[in-house]
Amino acid sequence: MKNIKYLFFLLLSVAVLKTASAQMSIQVLPRLMLRLDDIGMNHSVNKAMQKMADTKMPFSASVQFACPWYQEAVEILKKNPQISVGVHLTLTSEWKNYRWGPVTGREAVPSLVDAVGYFPQSTGAFAKSGYKIEEVEKELSAQIERALASGLKISYIDPHMGIALSTPALRALTEKLARKYKLGISTLSETVYFGETYKEMWGEPVATKKKAFLAYVTNKLSKNRPNLVVIHVALQTPEMNALFDMNSSMMNTKAGKPLTALHRETELNMLLSPEFKALVNKKFTLTNYTELIKERGVESMKLEVVKN
């Protein structure tokens, strides 16, 4: 009888250990956050986001509420609660012949616009523009309030082209707005607020973009921190193919042909690829800023530099 009890105890112990081991293997999978930037910029970008939304994978979408097509983005996002929504704080308008200006109107924030009432076309032009910090606060507040008025649940703010975090004064203002509206902050650098590792695919050449992305999410993700990868998506439509980037020679050929659409459709296709989908829940789990902030709380935000 003692031997039977011992055998039963031994079998039970083995079963418990196997269960615990299986649970541990699930828990140690890295967490990957995909953030799609420039949503609402135009129809081509929105339709690309729609393709990602249709997969039902969780991700984060940073919306430019200062741009003409943000309302279409809102319609898509309302139907997809698995997407965490952020306000892509916008102070530049970087395309040749396609421009936008402040939500508040040019008269309300004259230091933020050029002679024809649009935001500056580059980060350098913004830095030299003589902008007034109180006008930046007025405009960024208006963008956040437009987002909140849309009916979407807004989880975080982040800086288009990095500008809203680019100087100590602008960073302090962005942090002030995050506290005021009880939102998280996502960044465009390795200086982060939720301890996340940072990677972006924008600067990777088209020819190697997919390979580099798959290698990164397969082998380089941290198991101890959430991992953020910033993505830019769009469809290669006539609308998108016409856009000439005023900031980066990488996004145009030497002959002046725009390459932005090709870059962005390549990034979309790598996310939709069977190879990427096969890695989900095997090499990593997907999450977003809504879930991260729910877990940690916005009050936990702490500025730190995290190197991959």
Side-chain angles (χ1 to χ4, degrees), residues 35-50 53 59-81 83-95 98-114 116-121 126 129 131-166 170-171 173-188 232-234 288-290 293 298:
R35 193 184 89 204
L36 276 56
D37 279 10
D38 298 349
I39 304 306
M41 179 186 118
N42 63 17
H43 183 60
S44 303
V45 168
N46 289 344
K47 296 308 289 184
M49 181 185 67
Q50 178 72 72
F59 62 91
S60 300
S62 294
V63 180
Q64 290 186 276
F65 284 91
C67 290
W69 282 86
Y70 86 88
Q71 293 175 83
E72 181 186 56
V74 169
E75 288 183 357
I76 296 169
L77 291 164
K78 282 184 175 179
K79 298 173 184 176
N80 289 279
I83 304 174
S84 177
V85 183
V87 182
H88 203 43
L89 300 173
T90 299
L91 293 165
T92 49
S93 180
E94 68 271 25
W95 308 102
Y98 176 48
R99 311 289 303 281
W100 50 75
V103 169
T104 50
R106 60 186 293 183
E107 292 82 7
V109 287
S111 73
L112 304 187
V113 299
D114 61 16
V116 287
Y118 297 119
F119 287 135
Q121 284 188 294
F126 176 83
S129 66
Y131 64 87
K132 295 179 180 178
I133 198 72
E134 62 269 22
E135 292 185 10
V136 175
E137 180 172 4
K138 181 185 294 185
E139 171 59 22
L140 296 186
S141 297
Q143 291 180 23
I144 295 169
E145 287 170 10
R146 173 179 277 185
L148 295 171
S150 73
L152 290 170
K153 174 180 170 48
I154 306 300
S155 295
Y156 66 95
I157 53 179
D158 72 292
H160 180 53
M161 300 177 74
I163 289 178
L165 294 171
S166 62
L170 288 168
R171 181 177 292 277
L173 172 58
T174 298
E175 291 172 350
K176 174 184 174 181
L177 293 174
R179 290 191 298 270
K180 176 180 177 180
Y181 293 102
K182 297 181 172 56
L183 300 171
I185 300 175
S186 184
T187 71
L188 202 63
H232 294 80
V233 300
N288 58 33
Y289 272 104
T290 300
I293 293 168
V298 290

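For Ala61, the side chain to side chain contact (heavy atoms under 4.5 Å, CB included) partners two or more places apart in sequence, or in a different chain, are Ile39, Met49, Phe59, Leu77, Ile83. Residues passing the side chain to side chain donor-acceptor pair (under 3.5 Å) test with Thr187: none are found, sequence neighbours excluded. Residues forming a side chain to side chain contact (heavy atoms under 4.5 Å, CB included) with Ser186 (at least two apart in sequence, or on another chain): Arg35, Tyr156, Asp158, Leu228, Tyr289. Taking Val103 as the reference, Ala66, Glu139, Ala142, Gln143, Arg146 meet the side chain to side chain contact (heavy atoms under 4.5 Å, CB included) condition, with sequence neighbours excluded. Partners of Tyr118 by ring-ring contact (aromatic ring centres under 6.0 Å, His included), not counting sequence neighbours: none found. Asn288 pairs by the side chain to side chain donor-acceptor pair (under 3.5 Å) definition with nothing, not counting sequence neighbours. Remark: Arg99 engages Asp114 in a salt bridge (charged side-chain N to carboxylate O under 4.0 Å, His left out) (not counting sequence neighbours). Under the side chain to side chain donor-acceptor pair (under 3.5 Å) criterion, Glu72 pairs with His43, Asn46, not counting sequence neighbours. In this structure, Tyr181 has no ring-ring contact (aromatic ring centres under 6.0 Å, His included) partners at least two apart in sequence or on a different chain. Every ring-ring contact (aromatic ring centres under 6.0 Å, His included) that Tyr70 has, sequence neighbours left out, goes to Phe65. For the side chain to side chain contact (heavy atoms under 4.5 Å, CB included) test, no residue two or more places apart in sequence or in another chain qualifies with Lys182. Among residues two or more places apart in sequence or in another chain, the salt bridge (charged side-chain N to carboxylate O under 4.0 Å, His left out) test is passed with Lys176 by Glu137.
Atom OG of Ser62 and atom CE of Met41 lie 14.0 Å apart (nearest 0.5 Å). Lys138 NZ to Thr104 OG1: the interatomic distance, rounded to the nearest 0.5 Å, is 7.0 Å. The line from CG of Leu140 to CD1 of Ile157 is 8.0 Å long, rounded to the nearest 0.5 Å. Atoms OG1 and CG, from Thr92 and Leu112 in turn, are 11.5 Å apart once rounded to the nearest 0.5 Å. Note: Ser84 OG to Ile293 CD1 = 6.5 Å, rounded to the nearest 0.5 Å.
Under the 4.5 Å side-chain criterion, counting only non-hydrogen atoms from C-beta, Cys67 is not in contact with Trp69. At least one side-chain heavy atom of Asp37 sits less than 4.5 Å from a side-chain heavy atom of Leu188. Using a 4.5 Å heavy-atom cutoff, the side chains of Phe119 and Ser129 are not in contact. Counting heavy atoms from C-beta outward, Met161 and Phe126 have side chains that stay 4.5 Å or more apart. No side-chain heavy atom of Ile76 sits under 4.5 Å from any side-chain heavy atom of Val74. A heavy-atom distance below 4.5 Å is not found between the side chains of Ile144 and Ile154. At least one side-chain heavy atom of Leu170 sits less than 4.5 Å from a side-chain heavy atom of Ile133. Gln64 has its side chain within reach of Trp100: a pair of non-hydrogen atoms, C-beta onward, lies under 4.5 Å apart.
What you find for Pro102 and Val113 is that their closest heavy atoms are CD-CG1, 3.5 Å. Taking all atoms of both residues into account, the shortest heavy-atom contact from Glu135 to Ser111 is OE1-OG, 2.6 Å. Between Val298 and Gly184, the shortest heavy-atom contact is CG1-N, 3.7 Å.
Remark: side-chain polar atoms of Thr290 are not paired, donor with acceptor, to backbone N or O of Ser155 under 3.5 angstrom. Without hydrogens or angle criteria, Asn42 side chain to Val45 main chain gives a donor-acceptor distance under 3.5 Å. For Thr90 (side chain) and His88 (main-chain N/O), a donor-acceptor pair under 3.5 Å exists by modelled atom type. Between the Ser150 side chain and the Leu152 main chain, a donor and an acceptor come within less than 3.5 Å of each other.
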Discussion item. Please evaluate residues Leu89 and His160 with respect to the criterion side-chain contact (heavy atoms from CB on, under 4.5 Å), reporting the C-alpha separation (whole Å), side-chain torsions for both, the decisive distance (0.1 Å), and the verdict.
Written reply: CA-CA 6 Å; Leu89 300 173; His160 180 53; 5.9 Å; no

